[in-house]
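Order of the sequence lines sets the chain letters (A, B, ...), proteins ahead of strands, with each chain counted from 1.
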Amino acid sequence: MRGASKTTYQLPIGPIHPALKEPVMFEFKVDGERIIDVDVKLGQVHRGIEWAGTRRNPIQILYLAERICGICSYCHPMSFALAVERAAGIEVPERAQYLRVIQGELERICSHVLWAGVAAHEIGFDSVLFLTWEIREKGLDLTEYLTGNRVTKGITMIGGVRRDITDDMVPKVKQALDYLKEKIDKVQHVFLNDKTIKLRCRDCGVLTKEDALKLCAVGPTARASGVKKDVRLDQGYFAYTDLDFDYVTPDIITGEVKGDVYDRVIVRLLEVKQSINLIEQCLEQMPKGDIVSEPKIPKLLATLKRVNGEGIGRMEAPRGEVFHYVRFTGTGNPYAWKVRAPTYNNILPWIPMLLDQQIADIPIVAASTDPCMSCTNRVAIISNNKRYIMNSEELHRLSIEKTRRLSI
Amino acid sequence: MSKALSKSFKKALWVYHCNSGSCNGCDIEIIAALCPRYDVERFGIRLVGSPRHADVLLVTGPVTRQLVDKVKRVYDQMPNPKAVICVGNCGNTGDVFYESYNLLGPIDKVIPVDVYVIGCPPRPENIINGVLKAWLKLETLEKNKEVRE
Amino acid sequence: MRFSMIPVVLAQMLKKPFTNKFPVKYAPSSPSRFLEKVEKGEIKINPPVPVPERFRGRITYDKDKCIGCRLCLQVCPSEAIEYKTEEKKIRIYLARCTFCAQCNEVCPVSCLSMSNEFLLSDTDKYSNSLIVE
Amino acid sequence: MIRDKQLKPEEIVQSFKDAFTTNIEDSRIERRVTGIKKAGFTIIWLRVKRESFKDVVKHIFTFDEYPHFAVTSGYDMNENIELVYHFSIYHGSRGREISLNITVTLPKNDPSIDTITDLLPGAVISEQEKQEMLGVIVKGIPKNQRVFISDDFPEGVYPWRKDETGPDKHVRNLHKEEDKKT
């Protein structure tokens with residue numbers, strides 16, 4: 001380093017780019033183009049949900065929990081329902097456990113395909129964005145067919161599920177799954193065999209297994225670094241214990257684990273195939289039976305009023321382990337409610353990933369962990385009062401230029 | 001001159017999307033409206049990266065305390081004539097987040113809103129319907145301006 | 001392979017376009033005249049993407065079946081339902097509704113149900129078309 | 001690797017009790033079963049005195065070299081604040097993970113606890129959140145800033161507290177404010 005004359009720059013980013021969703025703020029120290037130090041400022045989207053939860057009854061909280069994050073809008077209410085069921089000792093019928101697996105895997109497919117489009121968009125491949133989002137539309141049609149709304153599914157109920165999949169709905173589900181299976185092979189071919197994507201993603205934003213374990217990274221980010229962490233397998237909930245599947249790590253295809261952006265692409269695309277397979281297994285093994293333990297809601301609210309205890313709900317969301325903690329003291333409304341989104345644990349791994357990377361790599365590395373609190377709309381580099389406005393459009397343009405430079 | 005301006009204005013409506021603390025259910029529906037299936041680009045609607053080039057502001061989310069002045073600044077940077085479309089119920093009335101210590105009111109408390117797109121999240125066609133209503137409003141604005149001249 | 005996306009793009013060119021041309025293929029030169037023609041029936045609007053049968057759209061309220069038991073108020077996550085004490089009926093603000101249909105399930109006389117209509121946008125969020133009484 | 005011999009839940013609780021005798025106020029093992037095959041997993045709840053909290057966390061490392069730390073939940077029980085640290089050990093093999101939740105009570109007049117970021121660097125965001133939401137003082141926290149609440153939110157107001165330092169002065173009901181208008 002050339003001694004004390006090193007200056008760092010303040011770049012607050014104003015507008016929000018369409019692909020970047022919720023705002024999160026970084027602070028980097030930069031030596032020229034190379035990033036030397038990273039600091040993260042969160043909380044632009046703090047809506048005080050946990051506090052609002054203590055003032056409502058559990059049925060209302062289901063729909064509040066659904067709007068914590070729009071893309072994984074199934075895992076939050078479902079792990080809240082798990083926590084309440086464990087605190088109140090409510091048994092869930094077996095058919096409902098299978099229906100819950102189907103909804104969870106369907107959401108994982110839609111979320112990973114969405115992510116593939118956003119990641120391709122970050123490095124400048126808009127045609128891949130349109131290709132993947134065209135596939136995602138079929139996934140959303142299936143979600144709408146099964147739950148009644150494209151994004152906020154509203155299928156969760158404490159003690160089971162709100163809608164059943166009857167036998168005459170199964171052929172339509174199977175037909176949509178075949179369409180998805182065939183198209184996802186095409187996307188995987190596009191992503192994994194494209195020379196430019198390999199140039200941009202190989203050895204970029206590396207997270208070593210040691211760092212992933214120490215920083216408790218979760219989900220595909222951890223699995224891409226070789227850490228075998230998957231709540232569906234570690235601590236089987238719903239009906240995952242009856243299905244046969246295994247941890248998805250990049251060495252299935254490439255035979256080695258590097259923990260870089262390319263490995264995260266592999267892990268997510270393999271997981272989409274795994275999810276389709278899981279849904280098919282569920283459709284075959286699903287037993288007959290009722291779909292919710294207590295259909296009458298006033299009765300359910302009455303039983304929840306008498307609960308006095310605490311429960312935890314853990315679930316594997318598309319981005320990683322979602323954790324809910326609920327404490328009841330017999331007043332109907334939960335006394336305490338703690339929500340931990342998977343991105344909570346995937347924020348700190350950004351720091352080892354982004355060190356010694358270039359500024360142009362920030363969008364793709366940040367997008368590679370698929371942050372639900374999501375991509376950078378604020379990149380601020382601490383300056384000695386020299387302000388240099390660089391909006392996220394320029395950040396994105398830098399990223400595209402780098403792709404062009406590499407691919408010539 | 002105003003006649004020429006209004007004609008060119010109708011063909012290309014440039015849109016800028018601002019997320020003021022939304023759960024991003026509406027944001028992905030806005031992006032879905034841009035993608036091949038609904039493809040608002042055939043109406044000349046294009047998403048631009050800066051409010052300075054935009055005619056319509058698509059706002060989502062109940063405004064959090066940290067983003068209040070950001071939303072105001074984005075609104076002020078937009079050139080006239082401009083329209084604001086508030087997408088999603090939590091932007092319209094603070095739907096599920098009606099009670100909070102960190103939210104400063106639905107969007108029309110921060111900036112004047114022209115069209116409210118109702119839904120949680122609204123379907124992409126509903127957003128197109130909202131844009132159509134914004135056009136009507138902008139057109140009547142143009143007519144009143146011509147009548148006044 | 002160098003650019004694996006090229007064969008996909010070429011194949012895409014031959015297929016039927018994926019776009020569903022919702023109201024009309026291209027932007028009308030003047031929206032108001034366009035709407036008048038639609039009312040007169042000269043122009044046919046292309047239908048939106050078909051909606052499945054149990055879609056959660058605009059709520060419909062059967063006033064005389066309602067017994068005013070206020071169970072729906074207890075369950076509504078966003079306080080979108082207002083109770084009119086004098087006539088023991090309810091008023092639902094669509095601008096505050098989350099379209100979760102939880103009130104449909106809790107209603108003992110099932111006087112609430114969800115229709116398929118979803119094109120709800122207006123210049124005034126509390127206009128009569130957006131309040132179900 | 002010490003994880004090769006994986007202890008049963010009862011042995012784990014017993015080893016905690018041997019090491020900390022009176023400091024473990026109470027312990028509970030919760031068994032859950034799922035699916036048709038009724039495969040089960042266990043959740044261990046421990047209530048620990050504050051003095052021996054750091055050693056209890058160090059003791060977890062004897063079971064698993066890299067325990068998984070989920071988050072710390074906290075709530076205000078009128079005269080003292082209770083924090084629940086959620087760990088889980090033995091991840092990596094199918095159906096063997098055990099959740100471990102450690103509850104600590106802090107008196108309200110001195111709500112301080114020492115940090116665990118030296119053992120688990122991933123816990124810093126969770127500790128920052130407890131500082132700003134509950135007014136807990138984490139001794140030795142590497143980054144003493146606010147993480148979720150904005151900087152212009154007044155000092156001394158803790159959103160999760162149910163006493164006078166609660167957020168009730170700042171709460172706004174967006175619907176009721178509009179009802180007054182229409």
Side-chain angles (χ1 to χ4, degrees), chain B residues 6-7 10-13 25 32-33 35-45 83-99 106-108 113-140 142-143, chain C residues 9 12 15-36 38 45-52 55-59 76-80 92-102 116-127 129-132:
Chain B
S6 66
K7 199 150 44 51
K10 264 196 277 305
K11 280 294 179 234
L13 205 60
C35 281
R37 190 178 203 176
Y38 304 99
D39 195 7
V40 283
E41 204 121 353
R42 54 193 162 96
F43 301 135
I45 298 175
V84 176
I85 301 181
C86 176
V87 179
N89 270 359
C90 61
N92 300 336
T93 58
D95 182 272
V96 170
F97 311 112
Y98 61 91
E99 216 179 5
I107 296 216
D108 50 17
V113 176
D114 297 306
V115 177
Y116 299 92
V117 179
I118 307 290
C120 185
R123 263 174 139 239
E125 281 111 350
N126 199 2
I127 298 174
I128 295 172
N129 182 15
V131 169
L132 190 64
K133 291 235 162 57
W135 253 326
L136 286 178
K137 191 158 189 187
L138 285 175
E139 201 184 10
T140 44
E142 297 285 321
K143 271 206 194 70
Chain C
V9 170
Q12 206 78 1
K15 289 204 205 99
K16 195 170 77 59
F18 188 66
T19 311
N20 162 3
K21 306 171 184 46
F22 165 52
V24 74
K25 194 161 196 314
Y26 293 117
S29 56
S30 135
S32 44
R33 252 186 283 112
F34 165 73
L35 284 182
E36 278 142 24
V38 168
I45 285 194
N46 307 342
V49 172
V51 161
F55 177 73
R56 289 186 267 120
R58 176 195 171 98
I59 195 161
C76 178
S78 57
E79 280 188 2
I92 301 159
Y93 293 101
L94 282 184
R96 295 181 185 168
C97 168
T98 63
F99 299 91
C100 62
Q102 189 63 57
N116 276 354
E117 198 207 335
F118 61 87
L119 292 171
L120 313 158
S121 60
D122 207 326
T123 47
D124 162 23
K125 58 186 177 185
Y126 290 119
S127 71
S129 69
L130 293 178
I131 292 180
V132 175

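When each of C/P77, C/C97, C/G57, C/C100 is checked for heavy-atom pairs under 4.5 Å with chain B, C/C97 comes out on top. With chain C as the partner, the residue from B/V117, B/V113, B/V87 showing the most heavy-atom pairs under 4.5 Å is B/V117.
With a threshold of 4.5 angstrom between heavy atoms, B/P106 approaches chain C through side-chain atoms but not through N, CA, C or O. For chain B, no part of C/A80 is nearby; none of its heavy atoms comes within less than 4.5 Å. Heavy atoms of B/D114 lying under 4.5 Å from chain C belong exclusively to its backbone. Heavy atoms closer than 4.5 Å to chain B are found in the side chain of C/F99, but not in its backbone. Of the atoms belonging to B/Y98, it is side-chain heavy atoms, and not backbone ones, that fall under 4.5 Å from chain C.
Closest approach of C/L120 to B/N126, counting heavy atoms only: N-OD1, 3.2 Å. Shortest non-hydrogen contact noted between B/R37 and C/V49 is NH2-CG1, 3.5 Å. Residues B/Y38 and B/A32 approach most closely at CD1-O, 3.5 Å, considering heavy atoms. A pairwise comparison of heavy atoms in C/S121 and B/N129 identifies OG-ND2, 3.4 Å as the closest pair.
Residues B/I128 and B/V40 meet the side-chain proximity criterion, which asks for heavy atoms closer than 4.5 Å. Using a 4.5 Å heavy-atom cutoff, the side chains of B/I85 and B/K133 are not in contact.
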